[in-house]
Structures are given as structure tokens and as C-alpha cells.
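In what follows, every heavy atom counts, from backbone to side chain, and hydrogens, waters and symmetry copies are set aside. Protein chains get the first letters and strands the later ones, always in sequence-line order, with residue 1 at the start of each.
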There are 2 protein chains.
Amino acid sequence: MAADTPSSRDKILDVAEALFARRGFSGVGMREVADTVGLGKSSLFHHFRTKTQLYFEMLDRVLGRIEERLTPVLASPAQPLDKIDAGIDTLIDALAEHPSTARLLLRSLFEDDDFPEQAQEPEQAAAEARLGRILDSIRRLLDDGVAQGVFRPVSVPHTMQTLIGATVYHFASGELGEGLLGEPLLSADSVRRRKEELRNLLHHGLAAQPARDGRNDP
Amino acid sequence: MAADTPSSRDKILDVAEALFARRGFSGVGMREVADTVGLGKSSLFHHFRTKTQLYFEMLDRVLGRIEERLTPVLASPAQPLDKIDAGIDTLIDALAEHPSTARLLLRSLFEDDDFPEQAQEPEQAAAEARLGRILDSIRRLLDDGVAQGVFRPVSVPHTMQTLIGATVYHFASGELGEGLLGEPLLSADSVRRRKEELRNLLHHGLAAQPARDGRNDP
DNA sequence: GTCTATACTACGATAGAC
DNA sequence: GTCTATCGTAGTATAGAC
């Protein structure tokens, strides 16, 4: 399936994703995007009204890939602790698939000020709505776990923040993270180890009782 | 002590800190810095050779404030678990003191590509060395805790990544974090709660045995 | 130490030919 | 749907008067 020779639009979105992830909204010029795609600068404005629209359409596409994978996992009828394991596996796989994803997501959280004050593009609202849906489904999972007594009586918002930090931040940490780990962030080994460490932390730190584990602990 | 009418240099650094935190290196112009300080654009270049130098000198100042507070705490002869509690308290206090600190630190991790390729400024090396010292002292603490059996046999690098995410990311998360919490990230209540949640998570998730706690858990 | 003036490049965006 | 040409603005940085 797929691989239908990609349209110019898709090629532009691919390039924009890689460049915005590396240098942020203000750090990337339409000229650079055009050159990388192999088009003239003006041709970009035929496909996207403004740079801001290009940015948010690309961001929504990234969020869509996450939502698509995470939603079925979090909607399953499994127990909260199993669902959080599966959800973290899925999220980490999604972040590890494209090196730009985590960086883009993290950058998007504090690049709201970067955009020209003009009338806000509708694509921005779409991306924000999608992020809201993803966060809501995570919140429901944690709410359920606490209500059922499977999790300690933690603050759900704070726990969500910790989970985002432990997943998105980790895979966005670039040279610093690789320097600490001593290996690439996205190698198969490194990704598996991250899942394992995080799962162990949560089984000990979030579950109401330490829980039957995988390996790694006495 | 202090409050000696600040020099132009100090005022420029203060303004640069706030602006770079909000919009990143590429998103801020020397013109905007100058206007905010109340100087002509050219006067900035009398105090700082280039925009890049201004950026790294400001970043080193921010890291210096952290190092200054964290070093004595992490060098004390206390037990690992007490030291990690104290270290997190200290780090969170430092991050909560200026709203720009966490954002600046997080941005700095993936803005390495943003700078012109020219000969790298010596101020960059100074800032990187300072960050290295801070990370080393944290790593030693975790190494000790694992070696003494006070902590579970976790991966120290992965645990450092989790700690950075749980502190720096949290206080850098801006509107998203405030939307989740339903209150300002930097209010006294919110800061206290963050410390408490993180302490509880670590006492259950990192300590080898669950540990006598504060409150909040049965 | 601050200013005005300026050099040169790049930016986002548009017009209009093909 | 892509191109060349152009507009107006803002970018970093420098020269030189005060």
C-alpha cells in the first residue's frame, strides 16, 4: 500500500517537519524549505497561504499520527495499569519512529509567542483540538486508575506532566540525552530500555501496590 | 546588599533572558532587545560582540544561578535519599524564581542548530562546561544511591532524564501545563505541590524500600 | 557609552508570465 | 503548478560623530 508518488504538498510538509523540528518556527525561512524541496520559493505560497498555515498544518499531521495510534489503545477495556503500559509503549514507538516528532511537540508548547499577531489561522485551532483530545484520553485513564484504587492517590495533572516529561522530553533531548546515555536516543536498544525504565518507575511509583514486574528488579 | 543601580550590561542581559525565553534565539532581534532596554540598537554591539555572544553569556548567567544553589546541597554528606529530596527542592525553587529559567534551559537543549556556523564563541564553551558540572554532580548522587542499595538498580542516565523532564519540562510547559493544572505553574501552592508529588513518586519509585513519607499517602 | 547613518542580506508575501 | 521579478520590512553588524 501507499508510496504513490507523493504530491508536492506532501513533500513540502515532510521538509517543513524536519526543518521546524531542528530550528523552530522563526529559525526556518520559506526560502530554505523551498530549496530543500527543490521548488521555487513562490511555489510554496501556491500550496500554503502563509508560513503560519504551513506550520500548523504540519503540526496537525504529526499530532494525527500520534492520535491514530494512541486512541485505540487507550479506548480498550483493559485494566488501568495494563493500559498505561500499553499506552506508553505506543507513545514511545510513535516518538521513536520519526526523529523530529518529539522535538516538534516540545517546541510547539512554547512557540505560541512566535507567530505574527494577525488573524489566527484555522489550522491552529485544529491542531490544538487534536492535542486536547489526546490529553483528555490520558487524563481519563489516570482518573480511572485513581478512582479504582489501582494507582496511588496522585494528582492527575501532575502525573500527566511527569509522563510527558518522561516521554516527549526524553526523545527531544538530542545531544544532551545522547551524551548522558552514551548511545543514540532512537536505537532499538535505547528505545526498549526507556520503556523498561519507565514501566518500572511507574509500577513502583504509581501503582498502589508494587505489582508483578517484568525483569530487572530483585 | 545588591541593588546597586544595574549597569547597561546587566539590563541588557535581563532583557535578553526574558525575550530569548519567550521566542528563542532566532525569534528575537537585536533591535527588539535594544528598544526594550531603552538603548539604540548599535549600543548593544558595544557591550556584546555578536548576538550569539549575548545569548551564551546570558545562558551561562542562568546556569550559574542554578549551580550556585545546587552545588552545596549535592556536596553535603547526607544520605542519597535525603540529598535527592533537598536537591529537587533546591532545583525547583531555582526554576520557580524566574519564570524564564526553565524555558531557557529547555530551549537551549535543542537550539544548537540555530547559530550561524561561524567560529564558535568562547562563551558557548563556558556555558556547556557549567552544565556538565551540574549534571556530573547529579550523576554522582544517583550512582552513590544505587551503589549503596538505597535506590533500586535503575539506569542512572535514564533516571537523570526523567528527573530533568519532571522538573525543567514541568516549569517550562507554559499554557499547556497551566491548562492541565488549572492554576499558574509558579504560584506558591503549585510549586509546593510539584515538590510533594515528585518526592512521593521518587520515594515509591526510586527508593529500594517505599520509605517513611510525608503525608498524602495511606 | 550612546547616537545617527548605512551596508548588505534575508525575510514573508505578491504579481504576473508561462 | 512553477517560474522570475519585485515590494517593503527587518535582520546582523559596522563606521564614525559626539
Participant: Collect all protein-nucleotide pairs involving nucleotides 2-4 of chain D in which both atoms are nitrogen or oxygen and the distance is under 3.5 Å.
Facilitator:
residue : atom : partner : partner atom : Å
D/dT2   : OP1  : A/Ser8  : OG           : 2.8
D/dT2   : OP2  : A/His47 : NE2          : 2.7
D/dC3   : OP2  : A/Gly40 : N            : 2.3
D/dC3   : OP2  : A/Ser43 : OG           : 3.1
D/dT4   : O4   : A/Ser42 : OG           : 2.6

Participant: With a cut-off of 6.0 Å (strictly less than), are more than 12 heavy atoms of other residues, nucleotides or ligands near CZ of A/Arg31?
Facilitator: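 For A/Arg31, atom CZ is not crowded (no more than 12 foreign heavy atoms under 6.0 Å).
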
Participant: Between B/Arg31 (CZ) and C/dT6 (C1'), how many Å, whole number?
Facilitator: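 One finds 15 Å between C1' of C/dT6 and CZ of B/Arg31, rounded.
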
Participant: What's the CZ-C1' distance between B/Phe25 and D/dT12, to the nearest Å?
Facilitator: 10 Å

Participant: Axis-to-axis angle across the helix from C/dG1-D/dC18 to C/dC18-D/dG1, five pairs an end, to 10 degrees?
Facilitator: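 About 0°, once rounded to a multiple of 10°.
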
Participant: Under 4.0 Å between a side-chain nitrogen and a carboxylate oxygen: does that hold for B/Arg69 and B/Asp93?
Facilitator: no

Participant: For the pair made of CG in A/Asp114 and P in C/dC11, what is the distance, rounded to whole Å?
Facilitator: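 My rounded result for the distance is 16 Å.
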
Participant: Can you list the residues that meet the side-chain contact (heavy atoms from CB on, under 4.5 Å) rule with A/Gln124, with sequence neighbours excluded?
Facilitator: A/Phe56, A/Gln120, A/Glu128

Participant: Nearest whole angstrom, please: distance from the C1' of C/dA10 to the CE of B/Met30.
Facilitator: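 The answer, rounded to whole Å, is 17 Å.
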
Participant: Could you check whether B/Val28 gets within reach of a base, just the sugar-phosphate, or nothing at all, counting any heavy atom under 4.0 Å?
Facilitator: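 The residue B/Val28 makes sugar-phosphate contact but no base contact.
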
Participant: Tell me which pairs pass side chain to side chain donor-acceptor pair (under 3.5 Å) where either residue lies in residues 176-190 of chain A, with sequence neighbours left out.
Facilitator: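 Only A/Asp189-A/Arg192 qualify under side chain to side chain donor-acceptor pair (under 3.5 Å).
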
Participant: Strictly by modelled atom types, are B/Arg139 and B/Thr159 linked by a side-chain donor-acceptor pair under 3.5 Å?
Facilitator: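 Judged by distance alone, the side chains do not pair up.
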
Participant: Please determine whether a side-chain nitrogen of the Lys or Arg among A/Glu121 and A/Arg49 lies less than 4.0 Å from a carboxylate oxygen of the Asp or Glu.
Facilitator: yes

Participant: Using whole Å, what does the distance between atom P of nucleotide C/dA10 and atom NZ of B/Lys51 come to?
Facilitator: 15 Å

Participant: Output the rounded distance in Å from CD (A/Glu121) to C1' (C/dG12).
Facilitator: 13 Å

Participant: Hey, can you tell me if B/Phe115 and B/Tyr55 have their rings parallel, tilted or perpendicular (30° and 60° cut-offs)?
Facilitator: tilted

Participant: In whole Å, what is the span from the CZ atom of B/Phe48 to the P atom of C/dG1?
Facilitator: 12 Å

Participant: Would you mind listing every side chain to side chain donor-acceptor pair (under 3.5 Å) that reaches into residues 163-177 of chain B, with sequence neighbours excluded?
Facilitator: A/Gln161-B/Tyr169, A/Gln161-B/His170, A/Gln161-B/Ser173

Participant: Round to the nearest Å and state the distance from B/Gln53 atom CD to D/dA13 atom C1'.
Facilitator: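 Going from B/Gln53 (CD) to D/dA13 (C1'), I get 14 Å.
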
Participant: For B/Arg140, what residues pass the side-chain contact (heavy atoms from CB on, under 4.5 Å) criterion, not counting sequence neighbours?
Facilitator: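 Partners of B/Arg140 by the side-chain contact (heavy atoms from CB on, under 4.5 Å) criterion, ordered by chain and then number, come out as B/Asp136, B/Ser137.
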
Participant: Give A/Val37 one of three labels, base, sugar-phosphate or nothing, depending on what nucleic acid heavy atoms sit under 4.0 Å from its own.
Facilitator: nothing

